[in-house]
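Pasting a structure below so you can have a look.
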Protein chains: 2
Amino acid sequence: MAGAFRPGDKLPSEARLTETHKVSRTVVREAIAALRADGLVEPRRGAGVFVLEPVATAAPPFQDIDHDRLSSIVELLELRAAVESEAAALAAVRRSPAQDEDILDRHNAVQAAMAADAPTAKADFALHLAIAKATNNPRFAEFMELIGETAIPRAALKASAQDRASPAYLDQINAEHAAIVSAISNGDAEAARSAMREHLLGSQRRYRTLLQAS
Amino acid sequence: MAGAFRPGDKLPSEARLTETHKVSRTVVREAIAALRADGLVEPRRGAGVFVLEPVATAAPPFQDIDHDRLSSIVELLELRAAVESEAAALAAVRRSPAQDEDILDRHNAVQAAMAADAPTAKADFALHLAIAKATNNPRFAEFMELIGETAIPRAALKASAQDRASPAYLDQINAEHAAIVSAISNGDAEAARSAMREHLLGSQRRYRTLLQAS
DNA sequence: CCACCAAATCCGTCTGACAGATTGACCCCG
DNA sequence: CGGGGTCAATCTGTCAGACGGATTTGGTGG
């Protein structure tokens, strides 16, 4: 039955479906009840069961990231650079002592994951989310949660696994994070903005380098 | 049945529901088929029908804007300032001639709406969307479409309807738009960034003034 | 106390029947 | 010839009874 009907079409009658599928009318009716519950059909007594216009299901935004297409990552990084540099600046101005502490904790967690040679995506995202929350504007946290931790991809760097694990690379990331966190903690909005921007532009450069190498 | 069951609970048996509601078992079963189709219950043969954990339905993002709460508008304007100033800078670098023309057309449309004393929200949004598209990074357009034209509220300025319609106000908005569009057309990324930022910070200031006056 | 078995309970399916609503065909009248 | 009315066929909605398979519960024996 999949794809064979258009809105406005009439399904085969229950009697015919019973014959076609060698099941009792009960089974057919319950299947139609299920379709009806999903808004896919409308039974009309005396007339038949009619196919309805499918209700548009909103695709979750920002989730069609093609990790095998490096430009897809770069595109999102550009958007993130815009949002997160502003978030860092606002966090520097607005963070509470507790939020400041949370950011530091998250930063330490990323460092710990690096030192343990463990995956860092989760800890990395948690740091970025903590910064967004420290803006005390829920829209920034909402944005971060929208893009989710899939936007902190390591898998896309498969081609350079050696580079990724190198101490130089990890030190670079860590230094960038430390500059952001320090500027926020010092309440220096412009330094925080600039540090976050450099961090994410750096990520863009690393990806663009991959693009050029492939 | 609404609200009376928690996940893991067992619904009354079909036989009991038949008695309770004075309907045949067929009716009960079809109702259960509907609930099952919606993922709300799980029938287990020999055991009963059990309530499932409701599947979280994702709320559309950025749609809970409370137009009567001015701070809600300001929050979104802060996020927009981040995204759209970056978009303006990228548009200045990346726009095609056709996109440049589109931006100009949209700018002219806003001006025409102002001159005709007509609502400008739709034209205003179209201008901002055209700029996002001229980044040639689909993420920026996606973001603009997410927030939609409800983010260009005039209704929230009800308390200052006279100010809104004043030639000085319209001239100010128009000048801000013109500065953005001109910088983009001239390919001056930093000027475009700065102009867009000033435009949206200006909107924030106008709203903050309202906050203070109320 | 634990294991096993039987009875009770419960869902899944089938069958036949009747009621109410709709549709299409045919006939009659203007 | 066209329009309206009537009737039969078709179709969904509901009811009732029956049987099969799966699960749960209770009782008994070791």
Side-chain angles (χ1 to χ4, degrees), chain A residues 1-65 119 122 142 145-146 148-150, chain B residues 1-61 63-64 145-146 148 150:
Chain A
M1 200 186 290
F5 298 93
R6 290 167 300 177
D9 282 359
K10 177 171 164 307
L11 294 194
S13 70
E14 293 174 357
R16 186 166 295 274
L17 287 168
T18 292
E19 289 169 21
T20 305
H21 293 279
K22 300 289 191 290
V23 291
S24 76
R25 196 176 152 213
T26 306
V27 174
V28 169
R29 289 194 55 78
E30 288 179 22
I32 288 167
L35 292 173
R36 179 183 175 175
D38 289 341
L40 299 175
V41 298
E42 175 192 23
R44 278 183 237 139
R45 187 165 170 172
V49 179
F50 295 87
V51 179
L52 290 178
E53 192 78 44
V55 180
T57 58
F62 302 131
Q63 298 305 312
D64 54 338
I65 298 169
K122 211 176 266 296
E142 191 174 0
E145 277 163 358
L146 258 193
E149 67 175 79
T150 60
Chain B
M1 201 186 285
F5 298 95
R6 288 167 301 177
D9 282 358
K10 177 172 162 313
L11 294 195
S13 69
E14 294 175 358
R16 187 165 296 273
L17 288 169
T18 292
E19 289 168 23
T20 305
H21 293 280
K22 300 290 192 285
V23 291
S24 78
R25 195 177 153 211
T26 306
V27 174
V28 169
R29 289 192 55 78
E30 287 178 20
I32 288 166
L35 292 173
R36 179 182 172 176
D38 288 342
L40 298 176
V41 298
E42 174 192 24
R44 277 184 236 134
R45 187 164 171 174
V49 180
F50 295 86
V51 180
L52 290 179
E53 193 77 43
V55 180
T57 58
Q63 298 306 311
D64 54 337
E145 276 162 0
L146 256 194
T150 59

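Per chain, numbering begins at 1; letters A, B, ... match sequence-line order.
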Please report, rounded to the nearest Å, how far the P atom of C:dC11 is from the CZ atom of B:Phe50.
->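 Nearest whole value for this atom pair: 9 Å.
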
Would you give me the side-chain donor-acceptor pairs under 3.5 Å for residues 10-18 of chain A, sequence neighbours excluded?
from    : atom 1 : to      : atom 2 : distance (Å)
A:Ser13 : OG     : A:Arg16 : N      : 3.2
A:Glu14 : OE1    : A:Arg25 : NE     : 2.6
A:Glu14 : OE1    : A:Arg25 : NH2    : 3.0
A:Glu14 : OE2    : A:Arg29 : NH1    : 2.6
A:Thr18 : OG1    : A:Glu14 : O      : 2.9

side-chain contact (heavy atoms from CB on, under 4.5 Å) involving A:Arg45 - partner list, sequence neighbours excluded =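 A:Arg45 satisfies side-chain contact (heavy atoms from CB on, under 4.5 Å) with no residue once adjacent residues are dropped.
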
Between atom CD in A:Glu42 and atom C1' in D:dC11, what is the gap in whole Å?
->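 Taking CD of A:Glu42 and C1' of D:dC11, I get 14 Å after rounding.
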
For each nucleotide in nucleotides 12-17 of chain C, reading 5' to 3', give B when a protein heavy atom comes within less than 4.0 Å of its base, S when such contact involves only the sugar-phosphate, and - otherwise.
-> BBBB-B

Is any side-chain heavy atom of A:Val23 less than 4.5 Å from a side-chain heavy atom of A:Val28?
->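 The answer is yes; the side chains approach within 4.5 Å.
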
Roughly how many Å is it from NE2 in B:His21 to P in D:dC15, rounded to a whole number?
->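 For the pair B:His21 NE2 and D:dC15 P, the rounded distance is 13 Å.
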
Taking CZ from B:Arg16 and C1' from C:dC11, how many angstroms apart are they, rounded to a whole number?
->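 After rounding, the gap between these two atoms is 16 Å.
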
Report the distance from atom CG of A:Asp38 to atom CZ of A:Arg36, rounding to the nearest 0.5 Å.
->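 The CG atom of A:Asp38 sits 12.5 Å away from the CZ atom of A:Arg36.
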
To the nearest 0.5 Å, how far apart are CG in B:Leu52 and CZ in B:Arg6?
->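 If we round to the nearest 0.5 Å, B:Leu52:CG and B:Arg6:CZ are 15.0 Å apart.
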
